[in-house]
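Data first, discussion second: the structure below is written as structure tokens.
Heavy atoms only: backbone and side chains are in, while hydrogens, waters and symmetry mates are out. Each chain gets a letter, A, B and so on, in the order the sequences are listed, and its residues count up from 1.
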Amino acid sequence: MEIAKAYEPKTAENHYERWEKNGYFAPEINQDPDAPKFSIVIPPPNVTGSLHMGHALQHTIMDVLTRWKRMQGYRTLWLPGTDHAGISVQRKVVEQLKKIEHKAPLDIGREEFVRRAWKWKEEYGSTITEQMRREGASVDWSRERFTMDPDLSTAVRNVFCTLYEEGWIYRGLRIVNWCPKDKTVLSDLEVKEETRKDGKLYYLRYPVRSSPPHEGRVDAASADGVVLVVATTRPETMLGDTAVAVNPKDARYKDLIGKNVALPLTGREIPIIADEYVDAEFGTGAVKITPAHDPNDYLVGERHNLPQLLVMNDDGTMNAAAGAEFEGLDRFDARKKVVERFEELGLLEKIDDYEVSLPICERCKTIVEPILSEQWFVKMDEMRDIALDLTRTEGVPHFSPQVPHEKVYTTWLENLKDWTISRQLWWGHQIPAWYDDEGNVYVARTEAEAKAKSGGQEIKQDQDVLDTWFSSGLWAFSTFGWTGEVSGQQSAVSSHDASSELLTAHRSPLTDLDTFLPTDVLVTGRDIIFLWVSRMIMLTKKFAGKKAFEDVVVTGTVLGKDGKPMSKSRNNGVDPLEMFDKFGVDATRIYLASIATGADIEWNDVGVETYRNFANKIWNATRFCLMNSDGATVIADPTAETPRRGEISLADKWILSRLNRTANDVNKALTKYEFHTAVSLLYHFFWDDFCDWYIELKKDEINAGDAAASSFILSILEQALRLLHPFMPYLTEELWQKLPGTGVELHNAAYRNPVAIAPGSDMGGATIMLADFPKGDVAMIDERAELEMGSVIDLIRRVRNIRTEMNIKPSDKVSVHVAANADMQSILTANEAQILKLARADKLVVSETLDVPKASAKAVITNAEIAVPLEGLIDFDKERERLSNQINKLDVELQRLNGQLSNADFVSKAPAEKVEALRSRKAEIEQQTGTLKTNLEALQR
RNA sequence: GCCGUCUUAGCUCAGUGGUAGAGCACUCGCUUCACACGCGAUAGGUCGGAAGUUCAAAUCUUCUAGACGGCACCA
């Protein structure tokens, strides 16, 4: 078979369509009724999103796991879907509306706005799912879900109502995080901190009234000259002050407690109160109290029954309560103006530079305003206990890597605060609560039910929607058909597009919820462990009565080339699609899988290039194996077949041993989610063992058209392709299809019925995707063969070293003389042809002792001495230097060994095997250096 | 302020008590009939610093420097 000289990834990246069309991604492909299941739900990407490197990393890991388990015969489901991403979509639609029609949402009304949001979703929401197809993600598209699908919305409504009925959801007036740009409340987790070095601390003078307050004397001018100085970073909030607080123990202010201050600019008088909250050491020791605009002040206000005066609108401008002078001003303009007015009045004490950290909106970076507002909350006490119980009693979820996530997660749970779940948006799940004219609330599953509860009054639904994370918190079970409907059966998966009738026939009578929950593992990033993972754990346990997942794999962050997280503002992003174009999907995938689990990494193209080269290596190795392969065929299980083939060469035993060891170790590594270990094992097995040594050793046989040798090497190759498939699906499928003898019979037993597998497609539906994943047979790990092969390799390396150091032209042949014991002699003799070829020698003389001319280059390996006669070619100075170098190297090691072995403590306390190993190594070194020294001395004369 | 992570060859990174590894870059040599996206041979590190535990420390403990992350506070 003729195949291209270099691998062109694009030529292989078209297999996806066939896989998808044939239904290979659906669990129904599995024909084994007793098959264990393996399930993963995808962290639903935002419909506004397009694929970034973080997705590519997580999807790669999920796909590796899914393909690996599928090949092992598990009933495998990786469920895809997208998240409605409340604020993000809302913002996109608002922008679009403004740009195209110059309209604001209120101009078109809620209903029309939501309609357009849906339209936007239909139009752009599939960007990311199409990109996932490019990635090769083996998700079951027939089960694709969207957080606002009807069933999922029903689930949301039922969960909300149940939590309300049980008292876990409440509505209340609290200080919340308000984003004036998005005009919605945010949960604590959606607010980030930003440190500003150019902040200011303003010292404001509040005139103190000497006499007790009474009506009509409220102007600053009428005060008696005593002032109380307060410090603030947000002067504009003074317009909402309703008290000044000092520490009760603070001697400076003792006499002022109970008096009033005339609050400048407002014409109001407010009391001076004493509260432990105040730190006498900070600022002036006197704190202005603004209960409606600061969480701590709110608490002080509660204790002292202070009025709560809201002075801002929802867009961050000042409202009427701030006074006519300030009404309508933006909060930062108001700040300037307040300071100016204080200065005019002689009430500005000073302004200090002060480093502040500001709360900012995670998405739009606007400074968040703490503001008093009535919102819906989830009480987290019982929720937290659900999660803590799971970790304490079952150790679930188990995080990989365990450090630091397990501790961070439990610490976070222990300090959990209530969750603000209402959002002032139109796009999302509208809160199922209705109000009558008097403001009484009726929470119900339907409007009719609410109306009934209200006694038939006119009612109006709450205008807010739920936090996006509320619906994604149900993702682990709502996606499997849980709706929370009590009467109806859990609706099984509706067949969106039944891939084929055959597949439907294999559908289990059990519901997906029965079959796939708990899921096996969740793969996600650090940033949403609290936002999403924790809530899914709690809500799944509460509502589905099961664990959401056993394990959580936390991926690291792919950083830009500057070592900072990729972001649009830094312009340091790397587009996965560009990498796919440049190096191929497979190279990008296996590079991402080669990153240590959970570790951050600075992106470098060179890493991907390494695996692009690896892909090409695999391509060309296959190309070689296919040359002269007439009459050869892949053996389904070379490991099992081999003993029947009788006499088997050292190289064959060795490669079988290496293959089985690698397969065994790869399975172990994947079980532990150590993807990078698996990649490294496969890379070195394929490149070093298979290409550099095995192919080279077998080259003559293959080139001579030895069909048995061809069949065998093709079979080893085929096993390697299977091992590589989860990482490099396209390349391995492309090559597998080209191998002689590959077909359905190589499938895992669960997929072997050819009738059920894509009848009529090429190769009768055979695919490496469904081939049996090699387990690795420990019985085939042959330590002796590996040791013997090691000797052959060492010998060849030493001769090559001599050739290079002595400047022997590659085309010149040499003679190789070896003195060794009988065992070694027979090993070397048996592999004479290979040694001659790889050492570029024309003669191999093996005997008890060396009989060579003085003009020979010498070297030692374990249990053997090597000589290469170089009549007329030898450079004695060079040879002396070469021998000295070898002696020196061994000497360094010998020194250390002597150091250890002369330490009585080591000899008595270290394990006996360890001591013995060192002793025998020492003996070997002494023997080898002895030989080398003798040779060196011989050259001195 | 509390909790935590990282610091290993020029670069990007593996390596959780027992002779320091990879890829790339570097040096030298190769039109060797699968592959120059290649082959062969070298060179390169007192594992951030200090102290300790141990027969033995890149690996465990403490301290310390630098980078970073989470949480809390921030008048």
Discussion item. Suppose we call two aromatic rings close when their centres sit under 6.0 Å apart. Are A:Tyr683 and A:Tyr611 close by that rule?
Written reply: yes

Worksheet item: Does B:rA43 have OP1 or OP2 sitting under 4.0 Å from an N or O in the side chain of A:Lys889?
Response: yes

Fill in: B:rG15 OP1/OP2 closer than 4.0 Å to side-chain N/O of A:His676
yes

Worksheet item: For A:Glu355 and B:rC73, what is the distance between atoms CD and C1' respectively, to the nearest whole Å?
Response: 13 Å

Worksheet item: Base, sugar-phosphate, or nothing: which does A:Thr233 touch, judged by heavy atoms less than 4.0 Å apart?
Response: sugar-phosphate

Practice prompt. Find the partner of B:rC63: check Watson-Crick (N1-N3 plus N6-O4 or O6-N4) and G-U wobble (N1-O2, O6-N3) distances, both under 3.5 Å, and reply none if neither fits.
Written response: B:rG49

Practice prompt. For the residue pair A:Asp605 and A:Trp603, confirm or rule out a side-chain donor-acceptor distance under 3.5 Å.
Written response: yes

Item to complete: Tell me, please, whether A:Tyr354 has A:Lys200 positioned over its six-membered ring: NZ or CZ under 6.0 Å from the ring centre and within 45 degrees of its axis?
Response: no

Pick out the pairs of N or O atoms, protein on one side and nucleotides 66-68 of chain B on the other, that lie under 3.5 Å.
none

Worksheet item: According to a strict under-4.0 Å criterion, is A:Asn903 in side-chain N/O contact with OP1 or OP2 of B:rA56?
Response: no

Worksheet entry | Centroid-centroid under 6.0 Å between A:Tyr409 and A:Phe399 rings | yes

Worksheet item: Between A:Ser357 and A:Asp688, who's closer to the 5' end of RNA chain B by nearest nucleotide?
Response: A:Asp688

Discussion item. Please evaluate residues A:Arg570 and A:Asp562 with respect to the criterion salt bridge (Lys or Arg N to Asp or Glu O under 4.0 Å), reporting the C-alpha separation (whole Å), side-chain torsions for both, the decisive distance (0.1 Å), and the verdict.
Written reply: CA-CA 9 Å; A:Arg570 277 194 208 91; A:Asp562 55 0; 5.2 Å; no

Worksheet item: Counting side-chain heavy atoms from C-beta on, which of B:rC55, B:rU19, B:rG23 comes nearest to A:Ala910?
Response: B:rC55

Discussion item. Just the rounded figure in Å: distance from P of B:rG23 to OH of A:Tyr611.
Written reply: 10 Å

Discussion item. Using a 4.0 Å heavy-atom cut-off to protein, can you give one letter per nucleotide of nucleotides 32-40 of chain B, 5' to 3': B if the base is in contact, S if only the sugar-phosphate is, - if neither?
Written reply: B-BBSBSSS

